[in-house]
Amino acid sequence: MASPFKSLVHDDECYDKSFAVFKMHIDAHQYKKDFICKTLPDHLASIGDGKSIKIIGLGTGEGDYDIEMLSHMRLKHPGVLLDNEVVEPSALRIHKYKERAAQMSHLDPVNFTWHQMTASKFEEQWRQRNITKKVDFIHMLHMLYYVEDLGATLRFYQSLLKKNGKMLIYIVSAESGWVKMWRTFYTQLSPPGTRTCFPQRNTADIKQLLDEAGVPYQSYKVPSMLDITDCFTEGHETGELILNFITEMVNFRKTAPHELREGVLRMLQDPQCSMEKNGRILLNICEEFIIVEATD
């Protein structure tokens, strides 16, 4: 029997609407900005050859954090050409990124190359073109959930780094209450035909692979909480959209079987996943930045 679920990944409009509400109710933005503005620039100070810096952004979305990173890279490397390859499967998000980039005259000189495709397709084309040029900086912000072979993806992109290159990964932490909920209901939330690794895949998976390969890295936690109070009021538009995003399903409350729906809502209130503060229910959405070093 066909699954009643439709994944948000396969519905750009619903995904963007749900994600927009999710972002409004999570308190991680300042922590992310602090990392990008204060910590990351020191790591990027040593990349490049003084003439140009080759960058690949994978799953860039609308470029919110890309623009921040480019701005601070510009400060660390004034006058150096930033050759920035953007890889994003959504045409709408690329369009919004282009609009944002066009308004940032302070980024000159930055050369943008746009690729509407997945990271896997980009890898395939890179291999077919037999490109030998190495890369200074690669960033993957919340996109490793969607690759089929995590280890192969990490190995390929790390192999592109120059000797002093860096790779930045941003992904949900194994300590997150969100991950604990997904671990409990993974098979029901991702039946065959809809299955992804979001956010079942987390920092523990990344670190295990890096440790096994002997790849040096540093990690930085981003403590954050998501206000999910409205998820417990049936029919509340904000709550329904947040619930859709954290289950990665379109119309989760309406399409999920009663037992699954009640189980997820009960788990989201469990102390191992969330806390109550000032009458609000806050889901632990701990995330981490991981900076991976080149090994050549």
Side-chain angles (χ1 to χ4, degrees), residues 7-12 15-16 19 32 36 40 47 53-70 82-98 101 111-162 165-172 190 194-210 213 215 217 248 287-295:
S7 173
L8 279 182
V9 175
H10 303 132
D11 190 322
D12 279 355
Y15 182 97
D16 289 342
F19 186 44
K32 291 180 187 177
I36 290 172
L40 183 62
I47 68 172
I53 293 175
K54 179 72 172 177
I55 305 161
I56 297 177
L58 300 165
T60 59
E62 298 175 14
D64 307 61
Y65 294 109
D66 297 52
I67 297 295
E68 287 277 1
M69 288 187 282
L70 289 169
L82 303 182
D83 185 5
N84 185 41
E85 298 215 36
V86 176
V87 182
E88 165 57 49
S90 168
L92 177 60
R93 291 174 206 135
I94 284 183
H95 176 71
K96 290 182 178 179
Y97 188 162
K98 286 181 178 179
N111 177 44
F112 287 93
T113 305
W114 309 93
H115 304 274
Q116 186 192 335
M117 61 182 67
T118 64
S120 299
K121 185 65 176 179
F122 182 77
E123 175 184 343
E124 178 185 330
Q125 291 194 4
W126 188 283
R127 291 183 185 276
Q128 289 174 348
R129 290 157 59 196
N130 197 27
I131 299 173
T132 58
K133 186 175 182 179
K134 294 288 188 174
V135 181
D136 298 288
F137 181 49
I138 299 171
H139 57 85
M140 309 171 165
L141 308 188
H142 282 315
M143 56 72 59
L144 286 174
Y145 311 111
Y146 307 110
V147 300
E148 186 172 341
D149 189 327
L150 178 61
T153 299
L154 288 174
R155 287 191 297 272
F156 171 74
Y157 282 105
Q158 204 218 3
S159 75
L160 303 187
L161 293 176
K162 290 182 181 178
K166 311 278 185 181
M167 185 163 69
L168 177 66
I169 297 168
Y170 189 52
I171 195 166
V172 68
S190 295
T194 68
R195 187 158 294 174
T196 69
C197 294
F198 176 76
Q200 170 81 353
R201 188 170 283 164
N202 57 73
T203 51
D205 304 307
I206 308 293
K207 292 177 180 179
Q208 180 180 348
L209 288 167
L210 295 175
V215 175
Y217 64 89
E248 206 197 40
E287 299 166 319
E288 289 185 46
F289 282 106
I290 300 175
I291 298 178
V292 182
E293 307 288 342
T295 53

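Note that the structure is predicted; figures quoted are calculated from it, not measured.
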> Do we see a donor-acceptor contact under 3.5 Å between the side chains of E85 and H115?
Replying inline: yes
Applying salt bridge (Lys or Arg N to Asp or Glu O under 4.0 Å), name anything that partners [X], two or more places apart in sequence or on another chain.
X	result
K207	E288
E287	none
K98	none
R127	E123

Between [X] and [Y], which heavy-atom pair has the shortest distance, and what is it?
X	Y	value
G59	M143	CA-CB, 4.2 Å
A101	I67	CA-CD1, 4.1 Å
D136	I47	O-CG2, 4.0 Å
Q116	S90	CG-C, 4.4 Å

>> Restricting to ring-ring contact (aromatic ring centres under 6.0 Å, His included), what partner residues turn up for Y217, sequence neighbours left out?
In response: none
>> Applying ring-ring contact (aromatic ring centres under 6.0 Å, His included), can you list everything that pairs with Y170, at least two apart in sequence or on another chain?
In response: H142, F289
Is the shortest heavy-atom distance from the side chain of [X] to the side chain of [Y] under 4.5 Å?
X	Y	answer
L70	N84	yes
I138	L168	no
V215	E293	no
E88	Y97	no
I291	L40	yes
V147	R201	yes
F137	M69	yes
H139	T60	yes

> After noting the C-alpha distance and the side-chain angles of L161 and K134, does the key distance pass the side chain to side chain contact (heavy atoms under 4.5 Å, CB included) rule?
Replying inline: CA-CA 6 Å; L161 293 176; K134 294 288 188 174; over 6 Å; no
>> Applying side chain to side chain contact (heavy atoms under 4.5 Å, CB included) to I56 and V86, what does each step give before you reach the verdict?
In response: CA-CA 6 Å; I56 297 177; V86 176; over 6 Å; no
>> With side chain to side chain contact (heavy atoms under 4.5 Å, CB included) as the criterion, how do I53 and D83 come out once you've worked through the C-alpha distance, each side chain's angles and the decisive distance to 0.1 Å?
In response: CA-CA 6 Å; I53 293 175; D83 185 5; over 6 Å; no
> How far apart are the C-alpha atoms of I206 and V292, what are their side-chain angles, what is the distance that settles it, and do they pass the side chain to side chain contact (heavy atoms under 4.5 Å, CB included) test?
Replying inline: CA-CA 10 Å; I206 308 293; V292 182; 5.8 Å; no
Starting at [atom1] of [X], measure out to [atom2] of [Y] and round the result to the nearest 0.5 Å.
X	Y	atom1	atom2	result
L141	I169	CG	CD1	10.0 Å
L58	M140	CG	CE	5.0 Å
L144	T203	CG	OG1	12.0 Å
L209	Q158	CG	CD	11.5 Å
Q208	L150	CD	CG	10.0 Å
Y65	I36	OH	CD1	6.5 Å

> What is the ring orientation for W126 with F122, classed by angle as parallel under 30°, tilted 30 to 60°, or perpendicular over 60°?
Replying inline: tilted
> Distance-only, no hydrogens or angles: does the R155 side chain make a donor-acceptor pair with backbone N or O of A213 under 3.5 Å?
Replying inline: no
